[in-house]
Each structure stands twice: as C-alpha cells, then as structure tokens.
Amino acid sequence: MQKVFNVDGRIFSTLSKVFDLLILNILFLISCVPIVTIGASLTALYSVTLKMVRNEELFVAREFRSSFISNLKQSSIIWVAALLFFAALISIGHFVVPVNSLILFPLLLLATIILLSFMYVFPMIAKFKNSSFHILKNALFICLHSTAYSILLFIMTLFFLVVIPIYIPKLLFIWLFLGFSVSAFLKSFLLEKVFNTYVKKQH
C-alpha cells in the first residue's frame, strides 16, 4: 500500500498526469483566443500529448511554448487556408448547388475526406519536420489508407466537442478544464500507432 502512495506510485503518477493535462488545457484555451492561432495551438497541444503517450519526460508549459512558437507560421497558414476552403465549400453547397443536384454528393464526399485528413495535419506538424505540401499530402494518404483509425478519431473528436458539452451537461465543468487536453491525449495513442506504422514501412 505504501508503494501506491509514494512518489513513484500509481496514484501519484495519475494525479501528476491529470495536473499536466489541466495545465495543458488552460494553455491551449488561452493560445486559441486569437482565432488565427488555433492551428499553432493544436500543434503545440499534440506536441505535448504525443510525448506524454511515449512517456517522455517534459515540462508541459515549456514544450507547449516551444512548439507553438516554432510552428506558428506553418500551422497558422494551414489553419486559415482550411477555414477559407471549408467556408468556400459550404457557400458553394448552400448557394450554388441545388439540394437535389448530383454534384452535392461528390461535394459532401470531398468535404468528409478533407475533414478526416485534417485530423492528422496538426499532429503531423508536431511530430515531423516537413513542408506544408508534404504534410497535407501525407495526411490525405494516411486518411485514405487508415480509414478505420480516421473514423475512430472522428468519433472521439465528436464525443469530446459535441456530445459532452451538449448532451452531458453534468460534465461541463470538468470538460472546460480537461476536455481538449484529454481528448488530444487519448487520440495520441492512436496517432502514435498510425504514424509509427508508416514510418516503419518507409525504412
């Protein structure tokens, strides 16, 4: 029993991780205030959680700040471009294409594929140093070749961003302080597995 409560014990380790996730969540929310920096914030968020699932020693605030600054330009450009693209796609679907048009299905399919692909983009920026073109190309490749993981990641995202705040209001207080970081942390287990699979195939 004494081992459980000591510095290396399971309870202490769990509480320490929860505290790290709490700090990470707060840093993420603060850095998202200028909407254009959400991309860099997501990259920094995953930079921390990917290292956490690999059990690497790190200082959360320092790692978050370092990743945010070093990836600010690339992540922000991709984020703003994605917003403009989806805004254009929604506008075309709503104002240009008739509801019963045959073009509507390909548009929805394109939007779905790109949306699923973007779940890999910012974690990939956090993990790999590469050009924006290669990041986007590889994200699309992984999305199309790991469909099951892509759908699972989407379901997890939907659960944390929609289901909990809207349909489980009792958890709203906890969600506000831990929702984004816990979501990224849990998804990082899947992301790390997917990334490692493709890294091994290249060697």
Surrounding CZ of F59 (heavy atoms of other residues, nucleotides or ligands, distance under 6.0 Å), is the total greater than 12? no
Any sub-3.5 Å donor-acceptor pair from H134's side-chain atoms to N130's backbone N or O? no
For residues N71 and K129, determine if any side-chain heavy atom of one lies less than 4.5 Å from a side-chain heavy atom of the other. yes
Does Y46 share a hydrophobic cluster with F189, counting links as ILVMFWY side-chain heavy atoms below 4.5 Å and allowing steps through other members? yes
I114 CD1 to L89 CG distance, which is reported to the nearest 0.5 Å: 6.5 Å
W175 and F180 aromatic ring geometry - parallel, tilted or perpendicular at 30°/60° bounds: tilted
In Å, rounded to the nearest 0.5 Å, how long is the span from CG of L83 to CD1 of I78? 12.0 Å
Can E57 and K51 be counted as an ion pair, charged N to O under 4.0 angstrom? no
Flag, side chain of S70 to backbone of S67, donor-acceptor distance under 3.5 Å: yes
Just how far is it from atom OH of Y198 to atom CZ of F128, taken to the nearest 0.5 Å? 11.5 Å
Under 4.5 Å between side-chain heavy atoms, counting indirect links through other Ile/Leu/Val/Met/Phe/Trp/Tyr residues: same cluster for I77 and F133 or not? no
Does the S16 side chain pair with the main chain of F12, one donor and one acceptor, at a distance under 3.5 Å? no
Would you say L50 and E56 make side-chain contact, with heavy atoms under 4.5 Å? no
Acceptor/donor pairs from residues 149-167 side chains to any protein atom, 3.5 angstrom cut, sequence neighbours excluded:
unit_1	atom_1	unit_2	atom_2	d
Y149	OH	K193	NZ	3.3
S150	OG	Y120	OH	2.8
S150	OG	C143	O	3.4
S150	OG	S146	O	3.0
T157	OG1	L153	O	2.8
T157	OG1	K187	NZ	2.9

Keeping N25 on the side-chain end and L176 on the backbone end, is there a donor-acceptor pair under 3.5 Å? yes
Any side-chain heavy-atom pair from L115 and F86 closer than 4.5 angstrom? yes
Step-by-step side chain to side chain contact (heavy atoms under 4.5 Å, CB included) determination, Q74 to I135: CA-CA 10 Å; Q74 183 181 29; I135 289 288; 4.2 Å; yes
Answer whether the closest heavy-atom distance between the side chains of V48 and F185 falls below 4.5 Å. no
Exercise answer: donor-acceptor pairs, residues 29-40 side-chain atoms, under 3.5 Å, sequence neighbours excluded:
unit_1	atom_1	unit_2	atom_2	d
S31	OG	L27	O	3.0
S31	OG	F28	O	2.9
S31	OG	S41	OG	2.8
T37	OG1	S31	O	2.5
T37	OG1	P34	O	2.6

Take F19 and I23 through the test side chain to side chain contact (heavy atoms under 4.5 Å, CB included) and record every step on the way to the result. CA-CA 6 Å; F19 180 75; I23 297 299; 3.9 Å; yes
Would R54 and T49 count as a side chain to side chain contact (heavy atoms under 4.5 Å, CB included) here? Give the steps. CA-CA 9 Å; R54 294 196 300 267; T49 56; over 6 Å; no
Without swapping roles, check the side chain of S66 against the backbone of R62 for a donor-acceptor pair under 3.5 Å. no
List the residues meeting salt bridge (Lys or Arg N to Asp or Glu O under 4.0 Å) with R65, not counting sequence neighbours, and say none if there are none. none
Keeping S47 on the side-chain end and T43 on the backbone end, is there a donor-acceptor pair under 3.5 Å? no
